[in-house]
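The structure under discussion appears below in the form of structure tokens.
Computed over heavy atoms, backbone and side chain alike; hydrogens, waters and symmetry mates excluded. By convention in this document, chain letters (A, B, ...) are assigned in the order of the sequence lines, proteins followed by strands, and residues within each chain are numbered from 1.
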Protein chains: 2
Amino acid sequence: MLAEIITIGDEILIGQIVDSNSAWMATELNKIGIKVKQITSVSDDDQHILEALKNAENRADIIIMTGGLGPTKDDITKKTLAIYFQSKEMVLHQPTLAIVTNIFAKYKAPLLEVNMQQAMVPNNCEVLLNQQGTAPGMLFRKDKKIFISMPGVPYEMMNLMTSTVLPLIKEEFKLPAVYHQTILTAGVGESFLAEKIKDIEETLPPHIKLAYLPKLGSVRLRLSTTQHASDEIKKEVLAYADKIIERIPDVWIAKEDIPIEKVILNLMEVNHLTLSVAESCTGGAISQMITQHPGCSKVFAGGGIVYSYELKSKLLGVKPETLAQFGAVSEETINEMVTGALLNFETDYAVAVSGIAGPDGGMPDKPVGTVWIAVANKNKVVAKKYNFGNKRAQNIERSAMAALNLLFRLLKEFHS
Amino acid sequence: MLAEIITIGDEILIGQIVDSNSAWMATELNKIGIKVKQITSVSDDDQHILEALKNAENRADIIIMTGGLGPTKDDITKKTLAIYFQSKEMVLHQPTLAIVTNIFAKYKAPLLEVNMQQAMVPNNCEVLLNQQGTAPGMLFRKDKKIFISMPGVPYEMMNLMTSTVLPLIKEEFKLPAVYHQTILTAGVGESFLAEKIKDIEETLPPHIKLAYLPKLGSVRLRLSTTQHASDEIKKEVLAYADKIIERIPDVWIAKEDIPIEKVILNLMEVNHLTLSVAESCTGGAISQMITQHPGCSKVFAGGGIVYSYELKSKLLGVKPETLAQFGAVSEETINEMVTGALLNFETDYAVAVSGIAGPDGGMPDKPVGTVWIAVANKNKVVAKKYNFGNKRAQNIERSAMAALNLLFRLLKEFHS
């Protein structure tokens, strides 16, 4: 059972929008055993949309489209679908009109003619009611294949997928149960891992595949079944996962597909521990990673974004002499930062980061990318110096990842 | 002159990785007048890669590939390119071997056999030296078309594009100069804007196109030329941009394609103003938006991530009685937060956010999505209540955007 995703919109092809919808849809389709054969992005152009539909129809059983359903002139997906499926006319969909009316009433915005047009749909589609926005989802059928069109606004698409599209696909098709087992690692590279587990990888049977999924500062190893995962095959996958974990004791973090900050939150919540941060060069990146998770307030108290010298002293008690003598990016300062956070923010654990993110601010003995990270609890302070190179965004992301990894290791030492 | 982008990697099709490379490449190609016809994501499968190459070759003049060049077994792009272009053999590329050796020496990592294999390339490619990583870029030529393969690691790809690929394309092809003019707006929706400027849009000549690019909390309007942009056509585009701006005086923020926080940083730097934040439900999102920009330290002092009641009192001086009587999400608390930030962090401007991001924590009178935002300088405090609905990620993003918009309006009032 193959699916294809077609995202429609000039904004993707001129690069103004990053297509994050496709990754989310692919993840959800995979979970129910649908393989995505191809993801294709095309422009708001009727001929191009028609061509992409035809090609996808030749390769896949389920074609999922997003985008091009807005109320403005450049959005032509609905019209183009009416052509492709030879619809006789556009008809008013009353429940959608009710939603449109409600949304505008709720936000006290004037309901315009273009907004009401959103409730008109091709006569031969099944409407997938969009509770979150004005553009309805649409489903067309042709030769046992299904075609689904959804708005490109991420939360509208996600809601439609979860509430309607995925249950519908599960019901209509009989699907093999694919099984994935992910191992999260941090701190070493892809090729180091590959060499470490080379012999295990070589013994994998053809029905189990191993993939390396690197991000800055972490690599996920993913074992997947290539066929229907019986309980026996699942056990086999788990056994291989355990073999790999045994081989990399200081590197693996979790045996599930979960971000590192969520591993930390879970471990700290179970142990009734609290956390604060003192972020300089990461500028809120660590806090943001943590606070995207619901319920993080049980663990996370907050902390300081201490970009200036003044705030390093004021919020963390870093001594002005320390800053003057050793600079903001030094072992002395990071130690005062992390102990200051622990003390002033009154938490069980603290993490502090101070570095030169760049592109400016480098010095001969402290080039751009030099970052000091410290983690602490009341018994132990660990400070470590890194160099992450000369790219600002990369420095921030790698610093945040390294800080979380260092925190995880300290937590494991005390609460394994 | 048309380009196509092919991203290669199972990790994209199973949704483990969001393809942000394509948007970046499309933006850069557009800037030099290359239109991206299609973006296609395919799996680490030789037949699928060969098929995608053939299809792209039929539609475009420039085919740009990323991914599948890692040292591990699942990376097969290089082998597959050797098949497609009928290479005779793989040959050692000495400069690449030197880079590989250097990288491993620098990070004091053991140089493994698989890493050295990275320096082997098909005999009939031109190597595009990758200074940032172990996988070299490769260029193949066929019937006046060019095919470029680059690693999927974003900063390696970006560096190769900027240093080598874009200059090479500019030199080899004669390109029309496309011209874009973007207008950033915030606080109102796409359809509201469309209705406001309907008559202007209707008078646009065929060689100028208008696109609406909505994100949560902001909409960019983009005027683009569809043909070579002469000075005269550029003037015409600018005149239309000015017409649009005049129509939406309280809504437009900038007449360039620039994020709102950068507009704020520029305006504050020119006026020698400083900024601090007090973030509760946004949890660092505002700080992170600001600190991604180099040089932000001239304006941004930092601030507090005040997730807990205790830190709201300790860092901002919010009175415990206020929290007890009115709650953390209230006009009284947000006013104390923002004035506390202004006073304690000693900046000219401060912005504070406190809300219920969800999914839990809602109350009958304060449902999930209720957010109080305040901005202040020494002369004025503005506090405003919002309701952003029941999605956590959306609440955080919309709160950050609304806070920046409110800050921008206050700045404009005092420093227009």
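Chain A forms the most heavy-atom pairs under 4.5 Å with one residue out of B:Glu201, B:Lys106, B:Glu195, and that residue is B:Glu195. With chain B as partner, the option from A:Val114, A:Val277, A:Leu29, A:Leu112 having the largest number of non-hydrogen pairs under 4.5 angstrom is A:Leu112. Considering only heavy-atom pairs separated by less than 4.5 Å from chain B, the leading option among A:Lys391, A:Glu190, A:Met25, A:His48 is A:His48. Counting heavy-atom pairs under 4.5 Å between each of B:Asn159, B:Asn387, B:Asn344 and chain A puts B:Asn344 at the top. The candidate from B:Arg220, B:Lys312, B:Met289, B:His180 with the greatest count of non-hydrogen atom pairs under 4.5 Å with chain A is B:Arg220. Annotation: maximal heavy-atom pairing with chain A below 4.5 Å, among B:Thr282, B:Asn115, B:Ile286, B:Ile39, occurs at B:Ile39. Among A:Gly361, A:Ala194, A:Ser297, the residue with the largest count of heavy-atom pairs under 4.5 Å with chain B is A:Ser297. With chain A as partner, the option from B:Pro71, B:Ser191, B:Gly152 having the largest number of non-hydrogen pairs under 4.5 angstrom is B:Ser191. Chosen from A:Thr40, A:Thr72, A:Val42, A:Val36, the residue pairing most often with chain B at heavy-atom distances under 4.5 Å is A:Thr72. Taking chain B as the reference chain and counting heavy-atom pairs below 4.5 Å, the highest number among A:Gly189, A:Ala26, A:Gly9 is found for A:Ala26. By number of non-hydrogen pairs under 4.5 angstrom with chain A, the leading residue of B:Val18, B:Asp360, B:Thr134, B:Ile14 is B:Ile14. Here A:Gly283 is the residue among A:Ala52, A:Gly283, A:Gly304, A:Ala285 with the most heavy-atom pairs under 4.5 Å with chain B.
Residue A:Glu113 does not touch chain B at all, counting heavy-atom pairs closer than 4.5 Å. Using a 4.5 Å cut-off between heavy atoms, B:Glu28 makes no contact with chain A at all. If you measure heavy-atom distances from A:Thr274 to chain B, you find no contacts under 4.5 Å at all. Contacts between A:Leu13 and chain B at a heavy-atom distance below 4.5 Å involve backbone atoms as well as side-chain atoms. There is no contact between A:Asp45 and chain B, counting heavy-atom distances below 4.5 Å. In this structure, the portions of B:Ala211 lying under 4.5 Å from any heavy atom of chain A include both its backbone and its side chain. Only the side chain of A:Phe104 comes within less than 4.5 Å of a heavy atom of chain B; its backbone N, CA, C and O stay farther away. Heavy atoms closer than 4.5 Å to chain B are found nowhere in A:Ala393, neither backbone nor side chain. Contacts of A:Glu4 with chain B are absent, with no heavy-atom separation under 4.5 Å from either backbone or side chain. Residue B:Leu311 touches chain A through its side chain alone, counting heavy-atom pairs closer than 4.5 Å. Residue contact with chain B, scored on non-hydrogen atoms closer than 4.5 Å, involves the backbone and the side chain of A:Ile12 alike. Only the side chain of A:Gln394 comes within less than 4.5 Å of a heavy atom of chain B; its backbone N, CA, C and O stay farther away. For B:Asn55, the part lying under 4.5 angstrom from a heavy atom of chain A is the side chain only. With a threshold of 4.5 angstrom between heavy atoms, B:Ile17 approaches chain A through its backbone and through its side chain. For a residue to count as touching a neighbouring chain, one of its non-hydrogen atoms must lie under 4.5 Å from one of that chain's; by this rule A:Ser22 does not touch chain B. In this structure, chain B has a heavy atom under 4.5 Å from the backbone of A:Asp19, while its side chain stays farther away. Using a 4.5 Å cut-off between heavy atoms, B:Thr7 makes no contact with chain A at all. For a residue to count as touching a neighbouring chain, one of its non-hydrogen atoms must lie under 4.5 Å from one of that chain's; by this rule A:Glu279 does not touch chain B.
Residues B:Ile34 and B:Leu2 fail the side-chain proximity criterion, which asks for heavy atoms closer than 4.5 Å. Between B:Ile197 and B:Leu210 there is a side-chain heavy-atom pair separated by less than 4.5 Å. Residues B:Asp257 and B:Leu184 form no side-chain contact, since every pair of their non-hydrogen atoms from C-beta on lies 4.5 Å or further apart. Residues A:Phe300 and B:Ser308 are not in side-chain contact: their nearest non-hydrogen atoms beyond the backbone lie 4.5 Å or more apart. In this structure, A:Pro359 and A:Asn390 have side chains that are not in contact, with every pair of non-hydrogen atoms separated by 4.5 Å or more.
Under 4.0 Å is where a charged nitrogen must lie from a carboxylate oxygen, and between A:Arg222 and B:Glu11 no such pair does. Ion pairing between B:Lys209 and A:Asp10 holds under the 4.0 Å rule for side-chain N and carboxylate O. With respect to the salt-bridge test (charged N to carboxylate O, under 4.0 angstrom), the residues A:Glu51 and B:Arg59 qualify.
When all heavy atoms of A:Gly15 and B:Thr27 are compared, the closest pair comes out as O-OG1, 3.1 Å. Of all non-hydrogen atoms in A:Gln118 and A:Gly70, the two that sit nearest each other are OE1-O, 3.6 Å. Scanning both residues, A:Ser399 and A:Val353, for their nearest heavy atoms gives CB-CG1, 4.1 Å. Of all non-hydrogen atoms in B:Pro151 and B:Ala135, the two that sit nearest each other are CG-O, 3.7 Å. A:Ile396 approaches A:Cys281 most closely through the heavy-atom pair CG1-O, 3.7 Å.
A side-chain donor from one of A:Gln292 and A:Glu261 sits under 3.5 Å from a side-chain acceptor of the other.
Here B:Lys314 contributes atom NZ and A:Leu315 contributes atom CG; the two are 10.5 Å apart, rounded to the nearest 0.5 Å. To the nearest 0.5 Å, atom CG of residue A:Asp75 and atom CD of residue A:Gln117 are 13.0 Å apart.
In the displayed structure, A:Lys35 atom NZ is contacted under 6.0 Å by at most 12 heavy atoms of other residues, nucleotides or ligands.
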